[in-house]
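Here is the naming used below: chain letters follow the sequence lines, and residue numbers restart at 1 for every chain. Side chains included, hydrogens not; waters and symmetry mates left out as well; all remaining heavy atoms used.
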2 protein chains.
Amino acid sequence: MVGKEIGERHFIEDIALFCEQMGLPRMAGRVLGVLLISDPPSQSLNDICDCLQASKSSVSTMARFLVGEGLIEQAPCLVPRRDYFRFRTGGWLEFMRRRMEVMAGLHDIADRGLSLLDGKDDSLKSRLEEAHDVFEFVDTEFRGWFERMGQRSRKQR
Amino acid sequence: MVGKEIGERHFIEDIALFCEQMGLPRMAGRVLGVLLISDPPSQSLNDICDCLQASKSSVSTMARFLVGEGLIEQAPCLVPRRDYFRFRTGGWLEFMRRRMEVMAGLHDIADRGLSLLDGKDDSLKSRLEEAHDVFEFVDTEFRGWFERMGQRSRKQR
DNA sequence: TCGAACATTCTGTAAATACCGAACGATCAG
DNA sequence: CTGATCGTTCGGTATTTACAGAATGTTCGA
């Protein structure tokens, strides 16, 4: 059981707020919050509903949403005909990776913008060259970064 | 003048879409898009309105919003009583920096979560230790990263 | 002191979003 | 086959958001 104490409620809401800032639905953050401090780690949809006092439909929808985001996964069910979910190992890394991928997308857009300024003065291009540089740097630097980070967390286990 | 050609419109809309994915209002992205390819770099609110065919109120609001985000800045006005805006040098770096700061906020939340699991089995803590590690790593690694990146772009100028 | 040319702020509206409850569909025990 | 127990999906509602247009405030030239 989880979510009875005030500290747990507070934690769950902080995760929800964080998720909201990241562009995820707040309810998704709450579900995630439960699965970050639950004992045991695997919880059924009904468990989560009880804990959050939220409707089955919301929890079901958000659980599948979080699976798609790579943050949680379905756990082997102890009881037949019941879905258990748990936080997915490496979920945070995967989350960061996807975020960085979106950001790196600006790299190509900046290139297209530069071609629009073709032939014009260099001073006009510096804006987009900055974007190009920053996000190309993100793109390349992060691949190595994630590899190192992945190895590091794999080693710790 | 900007935004007449199809390529420019397309670029602006791509920036708008990117901004939307980053959680900024789409119209803010459009204003930013104009200021990334405008010639000259500094444009008045009216110029931007004309280019986007958007209302003054939206453009005014979004321009001030982007100033707050550190992505654009007010330019010294060539004509009195008129606000000129331009892309802010280092804006993308600042943008990334703030994003990373939000992400690093999870570092503290994870710590608070860990204290909730105090005394419980270590296997329960690994979820939050992962969060702790990833976002502490983000927090520290990025400070150095941004410094290097800042120096690099300063050198290029 | 007007009035023109701005920018900002307020108000309204249309669209998107978050959430719930109910209906529905599937699966298993009896 | 029937009912109980799940999960999913559908429809509705309330809140939020993204804009536009009108009203307001400000500065400057005549």
Checklist line | Counterpart residues, salt bridge (charged side-chain N to carboxylate O under 4.0 Å, His left out), relative to A/Arg64 (two or more places apart) | finding: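 Result, salt bridge (charged side-chain N to carboxylate O under 4.0 Å, His left out) vs A/Arg64: none returned.
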Report, one pair per line, the protein and nucleotides 16-18 of chain C atoms (nitrogen or oxygen only) whose separation is under 3.5 Å.
none

Notebook entry, point to check: Rounded to the Å, how far apart are B/Ile48 CD1 and D/dC19 P?
Noted result: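 To the nearest whole Å, that distance equals 15 Å.
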Checklist line | Gap between atoms CD and C1', on A/Glu20 and C/dC19 respectively (whole Å) | finding: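 To the nearest whole Å, that distance equals 13 Å.
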Sort me out a list of protein N/O and nucleotides 26-28 of chain C N/O pairs below 3.5 Å, or just none if empty.
from   : atom 1 : to      : atom 2 : distance (Å)
C/dT27 : O2     : A/Arg81 : NH1    : 3.0

Atom of [X], atom of [Y] and distance for their closest heavy-atom approach:
X: B/Ile72; Y: B/Phe85; value: CD1-CD2, 3.9 Å
X: A/Ala16; Y: A/Arg30; value: CB-CG, 3.6 Å
X: B/Lys125; Y: B/Leu117; value: CE-O, 3.4 Å

Next item on the list: Mind jotting down which residue pairs meet the ring pair (Phe, Tyr, Trp, His ring centres under 6.0 Å) criterion with at least one end in residues 107-127 of chain A? Sequence neighbours excluded, please.
Entry: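 Applying ring pair (Phe, Tyr, Trp, His ring centres under 6.0 Å) to every pair that reaches into residues 107-127 of chain A, excluding sequence neighbours, yields A/His107-A/His132.
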Notebook entry, point to check: Mind checking whether A/Leu45 and A/Leu71 sit in one hydrophobic cluster, side chains of I, L, V, M, F, W, Y counted as touching below 4.5 Å?
Noted result: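 Same cluster.
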Note to self: Can a side-chain donor-acceptor contact be found between A/Asp47 and A/Ser44 if the only test is distance below 3.5 angstrom?
What the structure shows: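 There is such a pair between these side chains.
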Margin query: For a salt bridge (charged side-chain N to carboxylate O under 4.0 Å, His left out) check, start with the C-alpha distance between A/Arg9 and A/Glu5, then their side-chain angles and the critical distance, and finish with the verdict.
Written below: CA-CA 6 Å; A/Arg9 300 244 175 237; A/Glu5 293 177 26; over 6 Å; no
Next item on the list: Return the set of residues passing ring pair (Phe, Tyr, Trp, His ring centres under 6.0 Å) with B/Phe18 (not counting sequence neighbours), or none when no residue passes.
Entry: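 Residues passing ring pair (Phe, Tyr, Trp, His ring centres under 6.0 Å) with B/Phe18: none at all.
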Check: Does B/Asn46 make a side-chain N or O approach to OP1 or OP2 of C/dA5 shorter than 4.0 Å?
Finding: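 So the side chain of B/Asn46 is outside the cut-off, no N or O lying under 4.0 Å from OP1 or OP2 of C/dA5.
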Notebook entry, point to check: Is the backbone N or O of B/Trp92 less than 3.5 Å from a side-chain atom of A/Glu130, with the two atoms forming a donor-acceptor pair by type?
Noted result: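 Yes, A/Glu130 side chain to B/Trp92 backbone: donor-acceptor pair under 3.5 Å.
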Restricting both atoms to N or O, compile the protein contacts to nucleotides 8-11 of chain D shorter than 3.5 Å, with distance only.
from  : atom 1 : to      : atom 2 : distance (Å)
D/dT8 : OP2    : A/Ser60 : OG     : 2.5
D/dT9 : OP2    : A/Arg64 : NH2    : 3.3

